[in-house]
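Both backbone and side-chain heavy atoms feed into the values below; hydrogens, waters and symmetry mates do not.
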Amino acid sequence: MYPHNAPLTEQRATILIVDNEPEGKSILDLLLQSAGYLTLTADGEDAALAVIALQRPDLILLDIVAPDLDGYQLLNQLRNNPSCLRIPIIMVSARKDDPDEALSLELGADDYIRKPFEPRLLLARIKACLRRTMPPPRDHISFGKFTIDRRERSAHLGKQEMALTAAEFDLLWLLASHAGQVLSRAAIFWATRGLEYDGHDRSIDMRISRLRKLLHDDPHTPRLIKAIRGQGYLFSRRGWPE
């Protein structure tokens with residue numbers, strides 16, 4: 001489910017939920033999506049590390065103790081991994097022991113919250129963590145000779161302005177502002193149309209084809225806007241003409 005009130009912006013942070021309790025994970029997933037965040041989920045340490053390696057989240061919600069999941073061990077691994085040092089981590093626990101909070105913070109967690117919690121409190125903690133780590137909103141993005149400006153709603157390849165419809169511009173901005181991140185068709189459909197994806201509409205694929213043509217991206221072996229089988233589309237950070 002994708003919320004109808006989340007903004008179309010690069011500030012839609014991606015949050016990884018690490019918890020192997022299905023009901024709790026589902027509740028968190030729905031709450032965060034309703035607040036406008038993109039979400040990823042993992043059941044345990046190995047799954048979480050695999051997700052992080054493929055798609056770096058902006059924040060991690062990590063359950064301290066659950067069957068087959070040692071939150072402290074995973075927290076320690078992440079904080080000893082240079083590529084994960086800057087990802088904020090909020091530890092979540094149903095236990096009431098004060099040492100849990102102290103140990104979490106000593107191991108490098110950015111915050112700690114006990115279950116059950118008020119949804120507004122969790123969202124406020126998440127917002128505070130992201131405010132410290134996420135870059136300010138951008139209005140202008142460049143990759144080599146390609147530039148796109150949100151305020152002017154214009155895009156250029158070199159000195160040539162691209163002739164874009166409003167829908168094409170929104171899609172191109174969404175992809176460019178999430179460069180290096182795979183966006184599913186469902187996420188793109190919601191963000192650009194405000195509707196849930198029915199699994200059959202091919203309008204996104206048609207617009208992607210049109211954007212590739214305007215960017216001179218080879219439709220048979222695209223390098224700039226790539227289709228990731230079974231996942232969605234990836235706007236590349238590399239390969240742009242200088």
Heavy-atom closest pair, residues [X] and [Y]:
{"X": "Ala227", "Y": "Arg212", "value": "N-NH2, 3.6 Å"}
{"X": "Pro119", "Y": "Leu31", "value": "CB-CD1, 3.8 Å"}
{"X": "Gly71", "Y": "Leu62", "value": "O-CD2, 3.4 Å"}
{"X": "Ala48", "Y": "Leu16", "value": "O-CD2, 4.2 Å"}
{"X": "Phe169", "Y": "Asp149", "value": "CZ-O, 3.4 Å"}
{"X": "Met162", "Y": "Leu172", "value": "CE-CD2, 4.0 Å"}

Exercise. Could you go through the salt bridge (charged side-chain N to carboxylate O under 4.0 Å, His left out) check for Arg185 and Asp205 one step at a time?
Key: CA-CA 9 Å; Arg185 283 182 176 83; Asp205 305 88; 2.7 Å; yes

Would you give the length of the straight line joining atom [atom1] of [X] to atom [atom2] of [Y], rounded to the nearest 0.5 angstrom?
{"X": "Ile141", "Y": "Ile148", "atom1": "CD1", "atom2": "CD1", "value": "6.5 Å"}
{"X": "Leu32", "Y": "Leu122", "atom1": "CG", "atom2": "CG", "value": "6.5 Å"}
{"X": "Trp240", "Y": "Thr147", "atom1": "CH2", "atom2": "OG1", "value": "10.5 Å"}
{"X": "Lys159", "Y": "Lys145", "atom1": "NZ", "atom2": "NZ", "value": "10.0 Å"}
{"X": "Leu105", "Y": "Met91", "atom1": "CG", "atom2": "CE", "value": "9.5 Å"}
{"X": "Ile87", "Y": "Leu59", "atom1": "CD1", "atom2": "CG", "value": "9.0 Å"}

Exercise. Give a yes-or-no answer on whether the side chains of Asp29 and Ser26 include a donor-acceptor pair shorter than 3.5 Å.
Key: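 No, no side-chain donor-acceptor contact under 3.5 Å.
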
Practice problem: State, without any angle test, whether Thr14 and Gln55 hold a side-chain donor-acceptor pair at a distance under 3.5 Å. | Solution: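 Absent: no donor and acceptor within the cut-off.
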
If hydrophobic clusters are built by linking Ile, Leu, Val, Met, Phe, Trp and Tyr wherever their side-chain heavy atoms come under 4.5 Å apart, do [X] and [Y] end up in the same one?
{"X": "Leu121", "Y": "Leu130", "result": "yes"}
{"X": "Ile204", "Y": "Leu234", "result": "no"}
{"X": "Phe117", "Y": "Ile15", "result": "yes"}
{"X": "Leu214", "Y": "Leu174", "result": "yes"}
{"X": "Phe143", "Y": "Val182", "result": "no"}

Side chain proximity check, [X] to [Y], heavy atoms < 4.5 angstrom:
{"X": "Leu40", "Y": "Ile17", "result": "no"}
{"X": "Tyr233", "Y": "Ser184", "result": "no"}
{"X": "Leu28", "Y": "Thr39", "result": "no"}
{"X": "Ile126", "Y": "Tyr37", "result": "yes"}
{"X": "Ser142", "Y": "His140", "result": "yes"}
{"X": "Ile52", "Y": "Cys84", "result": "yes"}
{"X": "Phe189", "Y": "Asp201", "result": "yes"}
{"X": "Leu38", "Y": "Gln181", "result": "yes"}

Quiz item: Leu78 and Ile89: side chain to side chain contact (heavy atoms under 4.5 Å, CB included), yes or no, with the steps?
Solution: CA-CA 9 Å; Leu78 294 174; Ile89 300 174; 3.7 Å; yes

Are [X] and [Y] close enough for a salt bridge, meaning some N to O gap below 4.0 Å?
{"X": "Asp110", "Y": "Arg125", "result": "no"}
{"X": "Lys226", "Y": "Asp217", "result": "no"}
{"X": "Arg150", "Y": "Asp139", "result": "yes"}
{"X": "Glu168", "Y": "Arg210", "result": "yes"}
{"X": "Asp63", "Y": "Lys115", "result": "yes"}
{"X": "Lys213", "Y": "Asp218", "result": "no"}

Exercise. Tell me, with the steps shown, if Leu211 and Leu224 meet side chain to side chain contact (heavy atoms under 4.5 Å, CB included).
Key: CA-CA 10 Å; Leu211 292 176; Leu224 306 180; over 6 Å; no

Quiz item: More than 12 foreign heavy atoms under 6.0 Å from CZ of Arg86: is that the case here?
Solution: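 Result for CZ/Arg86: open.
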
Practice problem: Check the surroundings of atom CG in Asp46: do more than 12 heavy atoms from other residues, nucleotides or ligands lie under 6.0 Å from it? | Solution: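 Not buried by this count: 12 neighbours or fewer within 6.0 Å.
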
Exercise. Starting from the C-alpha separation in whole Å, work towards a yes-or-no answer on side chain to side chain contact (heavy atoms under 4.5 Å, CB included) for Glu101 and Arg114.
Key: CA-CA 9 Å; Glu101 181 171 5; Arg114 292 188 179 88; 3.6 Å; yes

Practice problem: Report the C-alpha separation of Tyr72 and Leu107 in whole Å, then their side-chain angles, then the decisive distance to 0.1 Å, and conclude whether the side chain to side chain contact (heavy atoms under 4.5 Å, CB included) test is met. | Solution: CA-CA 8 Å; Tyr72 291 127; Leu107 289 174; 3.8 Å; yes

Exercise. Describe, in one word, how the ring planes of Phe235 and Phe146 are oriented to each other, choosing from parallel (under 30°), tilted (30 to 60°) and perpendicular (over 60°).
Key: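 Correct class here is tilted.
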
Quiz item: If only atom types and distance count, is the side chain of Asn80 paired as donor or acceptor with the main-chain N or O of Asn76 below 3.5 Å?
Solution: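 Looks like yes, one N/O pair under 3.5 Å.
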
